[in-house]
Peer 1: 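One structure, pasted below without further comment.
Below, chain A is the first sequence line, B the second, and so on; all start at residue 1. A quick note: this is a predicted structure, and the numbers were derived from the prediction, not measured.
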There are 2 protein chains.
Amino acid sequence: MTQPAYSLDAQVGYLMRRANQRHLAIFAAHIPALTPTQFAALARLCEIGPLSQNALGRAVAMDAATIKGVADRLRAKGLVTAAPDPDDRRRMILSATATGQTLFERLVDEGLAVSDETLSPLSQDEQRQFLDLLARLG
Amino acid sequence: MTQPAYSLDAQVGYLMRRANQRHLAIFAAHIPALTPTQFAALARLCEIGPLSQNALGRAVAMDAATIKGVADRLRAKGLVTAAPDPDDRRRMILSATATGQTLFERLVDEGLAVSDETLSPLSQDEQRQFLDLLARLG
DNA sequence: CACAATCCGTTTGTACACCAACAATTCCGC
DNA sequence: GCGGAATTGTTGGTGTACAAACGGATTGTG
């Protein structure tokens, strides 16, 4: 028996890292004001309204330590505010500010353009297929 | 005209982040001794032999600052050694040690198992399709 | 009611990942 | 051969990401 071949370039993890690198570059070119993570958190907050910090984290798949940093930076930019929850003294309720709402609405088109450009090497059919398969790996 | 809808859950970047999170967890469960990044660098070094630090970085798509940290950690684990290049005083030539080679060879099967498990929600056909499309987005 | 289990947010530590700047070296064009 | 351009490795800074541990608050169960 020979050693099974290992081609790094054929491994999912490696390919995902490369694809993600390209995507991050496209994102940064379109939306320099926010990182993808920050944009995701802001989008969710605008989409479903005020949430506790950890709840927002769960809604965007970030653990408690990660969402804290993201929330802090969004607050520092004035896009999000935090207020204590009257019903639960542990919680801080995060809300998008008017500035945050406006910014998000103004960036929606850019966000869609980022996805478009990222997928542009594929045909329309392939894009749908890819997103479908990708969603099943989350 | 209404505002174009923006569904975070339908954006490539978000889906890739989620898929990658799942993949990282699978990797860590199979190969706790190394990170995916470290494994990739070690694999390349075993695959194509000694390389300068930056050349290795290019071979695994990591920038100079990133590969430095990875190389340092691989050296600290005794899997890689660095020697000055006699032909170019700027360069450090990195090589896998015997320990590094052996470890890599012993982990090849696990590496393939990681890819398998990551793709396991898809059928064989879908796996091939997905990898094909993914490779074109790098 | 009491107390264990859970949840909230925070901190610390490790590890990518990229940008920008830097000194030392090598390369290249003229 | 010489001087500008490029390359090598390094550092510092910012921003994810996750694990582990913590104190304080709340919930659930007996």
Peer 1: Any donor-acceptor pair, under 3.5 Å, between the side chain of B:Arg90 and the base of D:dT8, if you only look at N and O atoms?
Peer 2: no
Peer 1: Please pick, from C:dT11, C:dC16, D:dT16, the nucleotide with the shortest atom-to-atom distance to any side-chain atom of A:Val70.
Peer 2: D:dT16
Peer 1: Rounded to whole Å, how long is the line connecting atom NZ of B:Lys77 with atom C1' of C:dT14?
Peer 2: 10 Å
Peer 1: Examine C:dC18: is either OP1 or OP2 under 4.0 Å from a nitrogen or oxygen in the side chain of A:Gln21? Give yes or no.
Peer 2: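 Answer yes for this pair, as a side-chain N or O of A:Gln21 is under 4.0 Å from OP1 or OP2.
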Peer 1: Starting at the 5' end of DNA chain D, which residue's closest nucleotide do you reach first, A:Gln38 or A:Arg89?
Peer 2: A:Gln38
Peer 1: Of A:Leu24 and A:Asp72, whose closest DNA chain C nucleotide lies nearer the 5' terminus?
Peer 2: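 Residue closer to the 5' terminus by nearest nucleotide: A:Asp72.
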Peer 1: Of the options D:dT11, C:dA17, C:dG9, whose atoms approach the side-chain atoms of A:Arg17 most closely?
Peer 2: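 So the side chain of A:Arg17 is nearest to C:dA17.
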Peer 1: Picking from C:dC19, D:dA17, D:dC18, which would you name as closest to the side chain of B:Ala65?
Peer 2: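 Closest nucleotide among those given: C:dC19.
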Peer 1: By nearest atom, which of the nucleotides D:dC18, D:dT10, C:dC18 is closest to the A:Asp63 side chain?
Peer 2: D:dC18
Peer 1: Would you indicate what A:Asp88 reaches in the nucleic acid, counting non-hydrogen atoms under 4.0 angstrom: base, sugar-phosphate, or nothing?
Peer 2: sugar-phosphate
Peer 1: Quick test of your reading of the model: are A:Lys68 and A:Asp72 salt-bridged, counting only N-O distances below 4.0 Å?
Peer 2: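 Looking at A:Asp72 together with A:Lys68, the answer is yes, because their closest N to O distance falls below 4.0 Å.
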Peer 1: So A:Thr35, base contact, sugar-phosphate only, or nothing? Heavy-atom distance under 4.0 Å.
Peer 2: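 The residue A:Thr35 makes sugar-phosphate contact but no base contact.
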Peer 1: Would you indicate whether the side-chain heavy atoms of A:Pro121 and A:Arg22 approach each other to under 4.5 Å?
Peer 2: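 Sidechains of A:Pro121 and A:Arg22: in contact.
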Peer 1: Quick check with a 6.0 Å cut-off and a 45 degree axis cone: is A:Arg44 positioned over the face of B:Tyr14's six-membered ring?
Peer 2: yes
Peer 1: Looking at the side chain of A:Asn54, which of D:dC18, C:dC19, C:dC8 is the nearest nucleotide?
Peer 2: C:dC8
Peer 1: Would you indicate what A:Thr37 reaches in the nucleic acid, counting non-hydrogen atoms under 4.0 angstrom: base, sugar-phosphate, or nothing?
Peer 2: sugar-phosphate
